[in-house]
Asker: 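Below you will find the structure I want to go over with you.
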Amino acid sequence: MPHGNLDAYRRKRSSEATPEPMGSRTTAAGGRFVVQKHAARRVHFDLRLELEGTLKSWAVPRGPSLDPDVKRLAVATEDHPLEYADFEGSIPAGNYGAGAMIVWDSGRWVPLEDPVAGMESGKLLFELHGYKLRGVWTLFRTAGRRRSSDGSQWLLMKKPDAAARPSEESGDAEDELPPESVLSGLTVEELRDGCDRIEEVRAGIEASDAPRRRVDPRSLPLMLATASDRPFSRAGWIYELKYDGYRLVAAKEGGSVFLRYRRGGDVTALYPELARALRRLPVESIVLDGEVTVLDGGGRPSFARLQTRALLNRPVDIEQASVRRPATLFAFDLVSFEGHDLRPLPLLERKGWLARVLPPAGPLRYSDHIEERGEEFFEQAVAMGLEGTMAKDGASRYTGRRSSSWVKLRAERTGDFAIVGMSSPKGSRVGLGSLHLAVWDAAVGGLVYAGRVGTGFDDATLAELAERLSARRRKEPPCWAPSAEGPAVEAALSDAHLLGGRVADQTWVEPDDELVCEVRFKEWTPHGLLRHPVFLRLRDDKPIEDCVRRDEPRGREATLPAPPERRVEITNKSKVFWPDEGYTKGDLIDFYAAISEAMQPYLTDRPLVMTRYPDGIEGKSFFQKNAPDFAPDWLHKVRLTSPRTGKDIEYFVCQNRESLVYVANLAAIVLHVWSSRLHQLGQPDWCILDLDPKDAPFEDVIEIALAIRRLCHKIKLSSFVKTSGSSGLHVLLPLGGACTWEQSRSLGQLIAQIICRQLPEIATVTRNPERRGGKVYIDFVQNGRGRLLVAPFSVRPLPAAPVSTPLRWSEVKPGLDLRDHNIRTVPERLKKLKTDPLRGVLTEQPDLLAALRRLSELV
DNA sequence: GGGTTTC
DNA sequence: GAAACCCAACGCCGG
DNA sequence: CCGGCG
């Protein structure tokens, strides 16, 4: 790991043994675990963790509660048979008071006492001597639950089971804590050693030339660097890593600490972990200058993580984030120490003291340097995926302004991008103004917008590109908005957003393997756009699927953190949801898991709405459009703004089987989807005619469905049919995304009215049920923005657990019974059928104009 | 079903 | 500490 | 203008 010290780098340079791989940790039964230390050294612990006090556990109606006695952990190490550690509050707000511990279980942090049946082990995080430790432990297992007469539940605990297996290491990179910043891995002795060196520093600074003078951290003018684009080596200069974070001044005076950004903003409350570490530093007063970062699972600074961190307001969020996304301050300068102003001292002397003041682990880190070979160091830093390096004059004083004695060198990166559009030229520019670029995202299965490049072209290239692109125009952007946190899809791809408020003409083009270009750029912005892009060349030898975003510039693919594992924890599998049949929640989940492949085309890229039945089909239920906050990060969401009310809804978008299983586990029995997909929300894929019999005989539904089919056949428009699952049929007409909602609705209305005229005895478009006179209601109103269709393969909350099932037209005949297609039968049917009779509604490209012309001739 | 607010 | 609460929306109809 | 409907 490159942070904190440069041992790994130095070793590599001198061709010594390669560092041990980070992230490896072995665990054995009985609570033995290994904690890594930074810089490729590992320290082995034998910890036995015991609870002092009793774990009370679960209270009515749900949600854990903690017995106030449980305040301390007993930690046994080899040298120290028993050390007690106080808990630090690090749990979500809720029914369990302040001060508890959280554990790692089934891929997420949960309060320790959360009664996960059968839980045998987990990961544990606690603080000892101001350092956060974590490890895998085996503590106790659940023996069962008991319900008392007043309805409260109690969780019975057993002593640790000697045979209990330790939990698997989780590979979930998202929730994985960065390996270094929170782990100390230090023995108590080592921690004390770190403190002993303070006396040395104190005496040294007292004897130095540093004047006795207070430095006010609030008004301290900061040293700033000048930029350069070429790394260099100079005698007397030193080279540090450049961290991708915010500049931060950290100060302690007496008992109080103070953290500020470059421009002075007080952020003491935002980084409690830094404040704590600073408070515990065994010095009377100190002022540090550095860069605050939040590391990703691979130990690299993640600007995006830091940004989300910096947006937090509520104390609970901050406290939680300080554990889950802990900040690390890489301090590169010591400005003041116990009443001495160190700014007149040479940089190397300041850093020498700094190195000895800061502990070798924890959230406050010394930003080390090397003293030569700046070019090679820069290359290495870039290869490690870091932002760049800093070059500093080792003899320079801290002058508190922008200075040529500090130089920043930023990494440049190159990448291949699909061309998805262009803007028109301004002024004397020929051909085009800029190219719109996109990268392929395998998780999404499509292109994601990456920003624009407007420089680096020669006139010939401009002209050629403009000509080739003009021939491939399309109306809608062929790509998605870049980030879930960023602007909504539509807004992100709108002119206003792209051009920072200016409106210009955009042309979107059909992407192609031959429209790929290589671009040099500085970095990715948090919103997933390119910063400082320069066009290098066209390359026609690269399929767009290979235009993937590489966050590591060159040669780091092998060590990229694994993509977040999509794990779903199933709860209450055996809860009965359909009492008549005895079908359980587990059956529901199994069903959706089994048919997910067939269902996916109707879910992919479509905003999803759920009807949830947490207590089964006879319990209370509710609609839910907004995805709950607690949904895992890997679950795709999209924020859409209602054009009418301006209100935002953040919909789920089910892109894969795990998402479907997650949603099913929320007891979402019915899944409703939009008829249109994200990249063209204004153009539906199908027109829906909902045949709702109410009191009418089902035979009439069949007759009407067949009449619609005949009518569509006459106008040369295909039609498809599925059961609604409850009592009627859904007839779907393919639109191929070629018309608007209004046109779709008009088409539906026209067809419905024609059918009503044909079959006035059995069909009606009257919305009021009482006035339908026992006729079948043909509902065409569900064609509109935000209007929903019960998704094909959605289960219904009715006896027999019927499923909205795609049918072949030959099956639409007397004798058809909707309940025959249910949670039990549909998976088998799917296997037998091999093809989905409804799929054509998504794939066919009808000639709508011709169909409408024929239809108008009929009326 | 899970999180938040009120009592 | 436990119970209550929240979880959509919009046009259209007749009264 | 309101409540019910889907």
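What you see below is based on every heavy atom in this structure, not just the backbone, and it leaves out hydrogens, waters and symmetry mates. None of these values were measured; they are calculated from a predicted model.
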Asker: So A:Asp615, base contact, sugar-phosphate only, or nothing? Heavy-atom distance under 4.0 Å.
Answerer: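 The answer is nothing, as A:Asp615 stays clear of every strand by at least 4.0 Å.
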
Asker: Across the strands shown, which category fits A:Phe630 at heavy-atom distances under 4.0 angstrom: base, sugar-phosphate, nothing?
Answerer: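 Sugar-phosphate contact only - A:Phe630 comes under 4.0 Å of backbone atoms but never of a base.
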
Asker: Under 4.0 Å between a side-chain N or O of A:Asn665 and OP1 or OP2 of B:dG1?
Answerer: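 A:Asn665 to B:dG1 OP1/OP2: no side-chain N or O under 4.0 Å.
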
Asker: For B:dG1 and A:Lys575 - does any side-chain N or O of the residue sit under 4.0 Å from the phosphate oxygens OP1/OP2?
Answerer: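 The answer is yes; a side-chain N or O of A:Lys575 sits under 4.0 Å from OP1 or OP2.
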
Asker: Sticking with atom C1', work out how far C:dA9 lies from D:dG4, rounded to a whole angstrom.
Answerer: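 Approximately 14 Å lies between the C1' atom of C:dA9 and that of D:dG4.
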
Asker: Provide the distance between the two P atoms, one in C:dC10 and one in B:dG3, to the nearest whole Å.
Answerer: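 After rounding to an integer number of Å, I get 28 Å for this pair.
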
Asker: Could you state the atom-to-atom distance from CZ of A:Arg772 to P of D:dC5 in whole Å?
Answerer: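 Spelled out: CZ on A:Arg772 to P on D:dC5 is 11 Å.
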
Asker: With a 3.5 Å cut-off and just heavy-atom distances, do the side chain of A:Lys585 and the base of B:dG1 make a donor-acceptor pair?
Answerer: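 No pair found.
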
Asker: Could you tell me how far apart A:Tyr777 (OH) and D:dG6 (P) are, to the nearest whole angstrom?
Answerer: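 For the pair A:Tyr777 OH and D:dG6 P, the rounded distance is 8 Å.
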
Asker: Taking atom types as modelled and ignoring hydrogens, do the side chains of A:Thr641 and A:Asp648 form a donor-acceptor contact shorter than 3.5 angstrom?
Answerer: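 Yes, side-chain donor-acceptor contact under 3.5 Å.
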
Asker: Using a heavy-atom cut-off of under 4.0 Å over every strand shown, decide if A:Thr571 touches base, sugar-phosphate, or nothing.
Answerer: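 A:Thr571: backbone/sugar contact only, no base atoms under 4.0 Å.
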
Asker: If the cut-off is 4.0 Å, is A:Lys694 near the phosphate of D:dG6, judged by side-chain N/O to OP1 or OP2?
Answerer: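 Yes, because at least one side-chain N or O of A:Lys694 sits under 4.0 Å from OP1 or OP2 of D:dG6.
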
Asker: Please report the distance separating the C1' of C:dG11 from the corresponding atom of B:dG1, rounded so that it comes out in whole Å.
Answerer: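 One C1' to the other, the span is 32 Å.
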
